[in-house]
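Quick notes on the structure that follows.
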Amino acid sequence: MTSPEQRNAKLREMDIKIRLLLEAKKNEDDALAVAAWESQLPIKSLAAEKKRQAAAMQRQTKLLTDQVNQVRKQRMAALFAADDDIYEEELRERNLAFRKQRF
């Protein structure tokens with residue numbers, strides 16, 4: 001049989017081994033987590049870059065659409081004004097002109 005001091009020494013050694021194993025496991029898990037994060041970094045960077053490019057493209061598309069619509073409205077206003085002037089001229093030629101107030 002072993003004495004209580006020897007048993008306590010063995011228990012302490014086992015406790016130390018268990019703590020060292022647990023600490024090694026924790027360090028390994030931390031290292032794996034960092035490695036996983038580092039391996040995902042390029043993928044995340046690409047995804048973020050794609051999002052930025054898509055957002056920039058949407059902004060450019062919206063700006064171009066707004067410009068096209070503005071030019072289209074200006075052209076339509078000019079066309080209607082020209083048609084109105086032509087119509088008034090035709091009425092004057094036929095002596096059917098009437099006074100028109102413009103505001």
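These numbers come from the heavy atoms of this one structure, side chains and all, not from hydrogens, waters or symmetry mates.
Side-chain contact between E5 and N8: absent, with no pair of heavy atoms (C-beta onward) separated by less than 4.5 Å. Within the 4.5 Å cutoff, no side-chain heavy atoms of D85 are placed close to those of E89. Between V34 and D30, every side-chain heavy-atom pair lies at or beyond the 4.5 Å cut-off. T61 has its side chain within reach of M57: a pair of non-hydrogen atoms, C-beta onward, lies under 4.5 Å apart.
Here the CG-CG distance, from N27 to L20, works out to 10.5 Å after rounding to the nearest 0.5 Å. For the atom pair L11 CG and I16 CD1, the distance stands at 11.0 Å (nearest 0.5 Å). Of the inter-residue distances, the one linking M14 atom CE with L21 atom CG reads 11.0 Å to the nearest 0.5 angstrom. The distance from the CD atom of Q60 to the CD atom of Q53 is 10.5 Å, given to the nearest 0.5 Å. Note that CZ of R92 and OH of Y87 are 12.5 Å apart. Values are rounded to the nearest 0.5 Å. With rounding to the nearest 0.5 angstrom, the NZ atom of K50 is 12.5 Å from the OG atom of S45.
Taking a cutoff of 4.0 Å between a charged side-chain nitrogen and a carboxylate oxygen, R19 and E23 do not qualify as a salt bridge. Salt bridge absent: K10 and E13 never bring a charged side-chain N and a carboxylate O closer than 4.0 Å.
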Intermediate values then yes/no, side chain to side chain contact (heavy atoms under 4.5 Å, CB included), R75 and L79
CA-CA 6 Å; R75 286 183 181 171; L79 176 66; over 6 Å; no
Apply salt bridge (Lys or Arg N to Asp or Glu O under 4.0 Å) to the pair E90 and R94, showing each step before the final yes or no.
CA-CA 6 Å; E90 287 177 3; R94 295 180 185 174; 5.3 Å; no
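Test L63, V68, N69 against T65 for side chain to side chain contact (heavy atoms under 4.5 Å, CB included) and you get one pass: N69.
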